[in-house]
Number of protein chains: 2
Amino acid sequence: MKPKTRTRAVPTGRPRMEDVARLAGVSLVTVSRVLNTPDAVAAPTRQAVMEAVRRIGYVPNLTAGALAGSRSRIIAAVVPTIANSIFADTVQGLSDRLEGEGYTILLGQTGYDAGRERSLVTAMLGRRPDALMLVGAPLSAATGRLLAAAKIPIVQTWEMVRRPIDHVVGFSNAAAGRVVAEHFVARGYRHVRFVGGADARSKARQAGFDAALRAAGMTPLPAVTVPSPGTLGHGRDALCRVLDEGGPTDALFFSTDVLAIGALLECQRRGIAVPGRLAIAGLGDQDLAREMVPPLTTVRISGLEIGRRAADLLLDAIAGRRGGAQRIDLGVQLIERATT
Amino acid sequence: MKPKTRTRAVPTGRPRMEDVARLAGVSLVTVSRVLNTPDAVAAPTRQAVMEAVRRIGYVPNLTAGALAGSRSRIIAAVVPTIANSIFADTVQGLSDRLEGEGYTILLGQTGYDAGRERSLVTAMLGRRPDALMLVGAPLSAATGRLLAAAKIPIVQTWEMVRRPIDHVVGFSNAAAGRVVAEHFVARGYRHVRFVGGADARSKARQAGFDAALRAAGMTPLPAVTVPSPGTLGHGRDALCRVLDEGGPTDALFFSTDVLAIGALLECQRRGIAVPGRLAIAGLGDQDLAREMVPPLTTVRISGLEIGRRAADLLLDAIAGRRGGAQRIDLGVQLIERATT
DNA sequence: CTGAAAGCGCTAACAA
DNA sequence: TTGTTAGCGCTTTCAG
């Protein structure tokens, strides 16, 4: 037994392209072509190869393909959190568009933590994705540098980031705050207040809200800060705090629908008339906002659409279509319903 | 200029391990060791390498690592849908546990479609994940074969699959239906009905529900079928259908909290007394179920816990700990609240 | 239209 | 503790 070149690296044992080639009686390259550029191969050859693929249950090793080729066909998605959140819609939109194009989604959650974001992004970049989507601005400069150095198409979402790394698909969070403020003013509310998290988007909504109030000659009451991500419980707690303080508050703008609905439900429990005693507005226009009794006034934002547009942008960028960095502002729209 | 071995494959242009090695004055393997098994390298060497890594902003190519080594450090997660769904919690739980261990999550959605599931699983398996989590049983035998042939740890969740591929972390959907049925019987409801989707888990809940009713000498009214994934709108529509038919229905078991809440809100809109005129129960015990007014009777299922346990199981299996296939039944618990 | 050769960037065995 | 060597499974030139 001649010990021909002892194998060092560990083989996987799974069928390889070479096995398919042998069975089909063609060379390995031909198999590769059938799989990647079928039109470049004669029909009979193609069929023989496909048959062989089927027979041995060959599943191409995309890791090897990614290493050898230029593209990994992986898109990374970085969101603050996925559970009970509006970002799930964005991931869905992104994924729906991309799966059909042969891309796979790498998902990561930062939990609004800068350190976690950094290690997450490092790990994802290590997979050499063809593009990356993230929500908002990086939580730290280090992450920003990492992203910029990656030299791949990047799309930031959910806000019109000031100094974008590359593309942006979002809306003005300040404008969202403004339209609610203007609505409150028009409705005659005078003691209004913002409730939201400490994250950048929430702060931007608050800033826009406060600025519009001042422009109308009003002084916003101090904001109520809640943890991110917002939950129904946080919305309820915020309402309790406002009520317990016993101030003159007559309208509340919550940074997200979830918070607003948590508060609205607490009002129902306590028998507080909405909007009679207290007006409530949210942001997101989730299904539940429309279905609530009474239906919630909110700012319409389509997380799904953000995801889809981000996907389209990334696809174009990967293909080398379009010129420079795009900045897509999806705009905001106030949906006036019964809680204000 | 001697044209030494013209490069064929396309280099990425990003710094490689070799670049770090040169700068640190060590060999390539040493860099690899510093990154993977730092304890196997002398402290001064390690520091020199780390410094070099920092200087040139080296991000290890995990694709190359996966190809050369045995592990990809990728875990695939296959769920029906992620937006507005209980599965988002499971993905979160899985991801929370796994990220800390250096794994990255590949996410895919089947949309309850067998064909899409098949191509999705093929694509994911092509990335050679170290393990895979999926919700329930494969939608087709073809997917099942693909999964079994992958020879990696697999965990099926959200149901105690009859013939599992490998591990299972779930609960008995039939038992969930049963506890609700028994509760309805005990409460004295006599004209009860199931509302749910056409997916396997929903059907199992219905079967358990119907069986328990028959065991109590009752005949369940025909079930109302809604599309999967369930939405608030579907719940509302189902309620409308039941009401329009004008039958004697006095209690409704919805396959998910979302459906139940959609119906509950419609009851509020129509001024239908719950549970006076109609009792409503859901499944999932999402935050909203507890916060609703009145709070919803439901079956507690922790999607987060399912994800966490699945992650733990997979981690053990990858490490070679534990013996055969595990079957973890998290059980079901009826949470009696005010809607029944 | 098909094939041969040359890597992609890294890890694993082996030796020093 | 560190270095050398031989691949992992595929795509990409370049020839034919």
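Below, all heavy atoms of this structure are taken into account, side chains as well, without hydrogens, waters or symmetry copies. We name chains A, B, ... by the order of the sequence lines, and we start the count at 1 in each one.
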Which pair of heavy atoms, one from M124(A) and one from A76(A), lies closest together, and at what distance?
-> SD-CB, 3.9 Å
Give the rounded distance in Å between these two atoms: CD of E18(A) and C1' of dC8(D).
-> 13 Å
Give a yes or no on whether R321(B) atom CZ has more than 12 heavy-atom contacts from other residues, nucleotides or ligands under 6.0 Å away.
-> yes
Give T45(B) one of three labels, base, sugar-phosphate or nothing, depending on what nucleic acid heavy atoms sit under 4.0 Å from its own.
-> sugar-phosphate
Taking dG3(D), dT12(D), dC10(C) as options, the one with an atom nearest any side-chain atom of S70(A) is dT12(D)
Between dC8(C) (P) and M17(B) (CE): distance, integer Å | 15 Å
Look at all strands and tell whether T63(A) reaches a base, only sugar-phosphate, or nothing, counting heavy atoms closer than 4.0 Å.
-> nothing
Shortest side-chain distance from R33(B), nucleotide among dG9(D), dG3(D), dA12(C) | dG3(D)
Pull out every residue in residues 53-60 of chain B that has a heavy atom closer than 4.0 Å to any atom of DNA chain C, ordered by number, or say none.
-> Y58(B), P60(B)
Heavy-atom check, side chain of T110(A) versus side chain of P80(A), under 4.5 Å | yes
Determine, for D19(A) against R22(A), whether the closest basic-nitrogen to carboxylate-oxygen distance falls under 4.0 angstrom.
-> yes
dG9(D) P sits how many Å from L35(A) CG, rounded?
-> 16 Å
Round to the nearest Å and state the distance from N61(B) atom CG to dC8(C) atom P.
-> 12 Å
To the side chain of A68(B), which of dT11(C), dA12(C), dC8(C) is closest?
-> dT11(C)
Closest non-hydrogen atom pair, L146(A) against R118(A) = CD2-O, 4.1 Å
Using a cut-off of 4.0 Å on non-hydrogen atoms, how would the nucleic acid contact of L28(A) be classed: base, sugar-phosphate, or nothing?
-> base
Before accepting this row, confirm whether a basic side-chain N of the pair R309(A)/E305(A) lies closer than 4.0 Å to the acidic partner's carboxylate O.
-> yes
V59(A) vs R128(B) side-chain heavy atoms within contact, under 4.5 Å | yes
Taking only the side-chain nitrogens and oxygens of T12(B), find out if one of them lies under 4.0 Å from OP1 or OP2 of dG9(C).
-> yes
Measure the distance from CD on Q47(A) to P on dC1(C) and round it to the nearest whole Å.
-> 14 Å
Give the nucleotide from the list dC1(C), dT1(D), dG9(C) with an atom nearest to the side chain of A42(A).
-> dC1(C)
Using the test ring pair (Phe, Tyr, Trp, His ring centres under 6.0 Å), find all partners of F87(B) that sit at least two apart in sequence or belong to another chain.
-> W158(B)
Phosphate oxygens OP1/OP2 of dG3(D): is one of them under 4.0 Å from a side-chain N or O of T30(B)?
-> yes
Would you tell me if any nitrogen or oxygen in the side chain of S32(B) comes within less than 4.0 Å of OP1 or OP2 on dT11(C)?
-> yes
5'-most contact on DNA chain D (nearest-nucleotide basis), A40(B) vs R14(A), goes to A40(B)
Atom CG of D39(B) and atom C1' of dT2(D) are separated, to the nearest Å, by 16 Å
Distance-only donor-acceptor test, R128(B) side-chain atoms vs dG9(D) base atoms, 3.5 Å | no
Between dA13(C), dG3(C), dG9(C), which nucleotide has the shortest distance from any of its atoms to the side chain of L67(B)?
-> dG9(C)
So what does V41(A) hit on the nucleic acid, given a heavy-atom distance under 4.0 Å: a base, only sugar-phosphate, or nothing?
-> sugar-phosphate
Mind checking whether V79(A) and V91(A) have side chains closer than 4.5 Å, heavy atoms only?
-> yes
Atom CG of L62(B) and atom C1' of dT11(C): how far apart are they, to the nearest Å?
-> 13 Å
Here the distance between atom P of dG9(C) and atom CG of D19(B), to the nearest Å, is 9 Å
Reckon N36(A) has a side-chain N or O less than 4.0 Å from the OP1 or OP2 of dT11(D)?
-> yes
With nearest nucleotides of DNA chain D determined for V26(B) and G69(B) from heavy-atom distances, which residue corresponds to the more 5′ nucleotide?
-> V26(B)
